[in-house]
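Heads up, the thing below is written out as structure tokens.
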2 protein chains.
Amino acid sequence: MARKHSADLPLRLDNQLCFAVYSTAHAFNRVYKPLLDRLGLTYPQYLVMLVLWERDGVPVKDIGERLFLDSGTLTPLLKRLEAAELIRRTRSTEDERQVMIALSPKGEALREKARTVPQAILAASACSVSELMAMKSEIVALRDRLNAVLGE
Amino acid sequence: MARKHSADLPLRLDNQLCFAVYSTAHAFNRVYKPLLDRLGLTYPQYLVMLVLWERDGVPVKDIGERLFLDSGTLTPLLKRLEAAELIRRTRSTEDERQVMIALSPKGEALREKARTVPQAILAASACSVSELMAMKSEIVALRDRLNAVLGE
DNA sequence: CACAATTTGATTGCGCGCAATATAAATTCA
DNA sequence: TGAATTTATATTGCGCGCAATCAAATTGTG
């Protein structure tokens, strides 16, 4: 062996893409926090609201598939959104196993206040929309490859 | 207004870089999980060990700055690593405020078992080292811009 | 030296994130 | 049809992640 620990380059934190992603997710969260505080939402709650603003009245399962979250995370989160009167939770009559999530008037109204959030994030990112979209595509492709490995 | 919600493209989940980063971090975590289970570590604990394997005997503050984590996260995490006999926590004699973190022999030995982790992650990522490094650089640059916004 | 300001870490409380388990409804199929 | 299996959600427990607060040690200033 040439030198002590000479083969540890892959173990170096600075070399690891995963830590870059992990620490960037936290950085995003910290930037979002003051913006979402004004809406009374946490970031995961904001994601659920984004799903509902795109399509209202969906089962919990659909939200979970969209956000890659399970019922252990979503059930209490949705109960908090219900307690905040932003959504309603009702058992489906066709399939009694499903809980359907629907926006309340208050939840729909919140969309207006949320419109200012994306541009504030864009400004904090300090780069062009096209650059952001390119990065997003690369990262999503990576995520999908990782999830594919988990799927088999 | 042309059409209902025609101006909501920025609110669409599919367009958001942050969600891409967020969901990729979770995907990485799920890939790491079975690998780190064999080491008896969680991912954040693994990050702390990476820091210590690079430089042993550092104060908690340094670990926090490196990983972007505060004492509310690190104190209990480090106590668990101490309970697992991977590290030792001792008050600095020069500055009694500081708690110095040092690897135990068991913690040093774990480095050998950890050497197989990065290549397993590389395989799951299913792309070349140069592509990964390029992505990492872009994401780190983004993270640093986000953190810069928070800093003022 | 005295005393205020700063630094470092610990503590508490809350909201995820997820594994494991439970339960009930729906579906499959023998 | 009735049993076995699958599906959708709920519950529990644990480990972060972070804001807010606190205590102790150190530093800076006059």
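Every chain is numbered from 1, with letters handed out A, B, ... down the list of sequences.
In terms of polar N and O atoms assigned as donor or acceptor, the side chain of Ser71(A) comes within less than 3.5 Å of the base of dA10(D) in a complementary pairing. Scanning atom types as modelled, one donor and one acceptor separated by under 3.5 angstrom connect the side chain of Arg97(B) and the base of dT7(C).
Closest to the Val99(B) side chain, of the nucleotides dA19(C), dC18(D), dG9(C), is dG9(C).
At dA8(D), none of the side-chain N or O atoms of Arg91(A) fall inside 4.0 Å of OP1 or OP2 (strictly under the cut-off). Close to dG15(C), at under 4.0 Å from its OP1 or OP2, lies no side-chain N or O of Gln45(A). The shortest distance between the side-chain N/O atoms of Arg89(A) and the OP1/OP2 oxygens of dA10(D) is below 4.0 Å. At dT11(C), one or more side-chain N or O atoms of Lys79(B) fall inside 4.0 Å of OP1 or OP2 (strictly under the cut-off). Dashed line: the shortest gap from a side-chain N or O of Tyr43(B) to OP1 or OP2 of dG17(C) is not under 4.0 Å. Residue Thr75(B) places at least one side-chain N or O under 4.0 Å from the OP1 or OP2 atom of dA10(C).
Annotation: of the two residues near DNA chain D, Leu78(A) and Asp95(B), the 5′-most nearest-nucleotide partner is Leu78(A). Two residues, Pro59(B) and Asn29(B), neighbour DNA chain C, and the one matched to the more 5' nucleotide by heavy-atom proximity is Pro59(B). Heavy-atom nearest nucleotides on DNA chain C were determined for Lys61(B) and for Thr73(B), and the one closer to the 5' end corresponds to Lys61(B).
Atom CG in Asp70(B) sits roughly 12 Å away from atom C1' in dT11(C) (whole-Å rounding). Taking atom CD of residue Glu96(B) and atom C1' of nucleotide dT27(D), one finds them 16 Å apart after rounding to whole Å. Counting to the nearest Å, the C1' atom of dA10(C) and the CE atom of Met100(B) are 18 Å from each other. In this entry the distance linking CG of Leu81(B) with C1' of dC14(D) reads 15 Å, nearest Å. In this structure, Leu77(A) atom CG and dC14(C) atom C1' are separated by 13 Å, rounded to whole Å. Rounded to whole Å, atom P of dG9(C) lies 8 Å from atom CD1 of Ile101(B). Rounded to whole angstrom, the span from the CZ atom of Arg30(B) across to the C1' atom of dC16(C) amounts to 13 Å. One can place CG of Asp62(B) at 13 Å from C1' of dG9(C), the figure rounded to the nearest angstrom.
Without hydrogens or angle criteria, Glu54(A) side chain to Arg12(B) main chain gives no donor-acceptor distance under 3.5 Å. Using a distance-only test at 3.5 Å, with no hydrogens or angles considered, a donor-acceptor pair links the side chain of Ser104(A) to the main chain of Glu85(A).
Using a 4.0 Å cut-off between charged side-chain N and carboxylate O, Glu112(B) and Arg115(B) make a salt bridge.
At a threshold of 4.0 angstrom between heavy atoms, the contacts of Glu94(B) are confined to the sugar-phosphate backbone, with no base atom among them. Nucleic acid contact for Pro76(B): none, since no nucleic acid atom lies under 4.0 Å from a heavy atom of the residue. The residue Leu74(A) sits apart from the nucleic acid: no heavy atom pair falls under 4.0 Å. Across all strands shown, Thr42(B) has heavy atoms under 4.0 Å from sugar-phosphate atoms exclusively, and none from any base.
Residues Arg143(A) and Ser23(B) bring a donor and an acceptor atom of their side chains to less than 3.5 Å of each other.
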* Could you check Glu82(B) against Arg89(B) for salt bridge (charged side-chain N to carboxylate O under 4.0 Å, His left out), going step by step and ending with a plain yes or no? => CA-CA 7 Å; Glu82(B) 187 182 39; Arg89(B) 298 162 66 246; 3.3 Å; yes
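In plain terms, the two heavy atoms of Cys127(B) and Glu131(B) that are nearest each other are CB-OE1, 3.3 Å.
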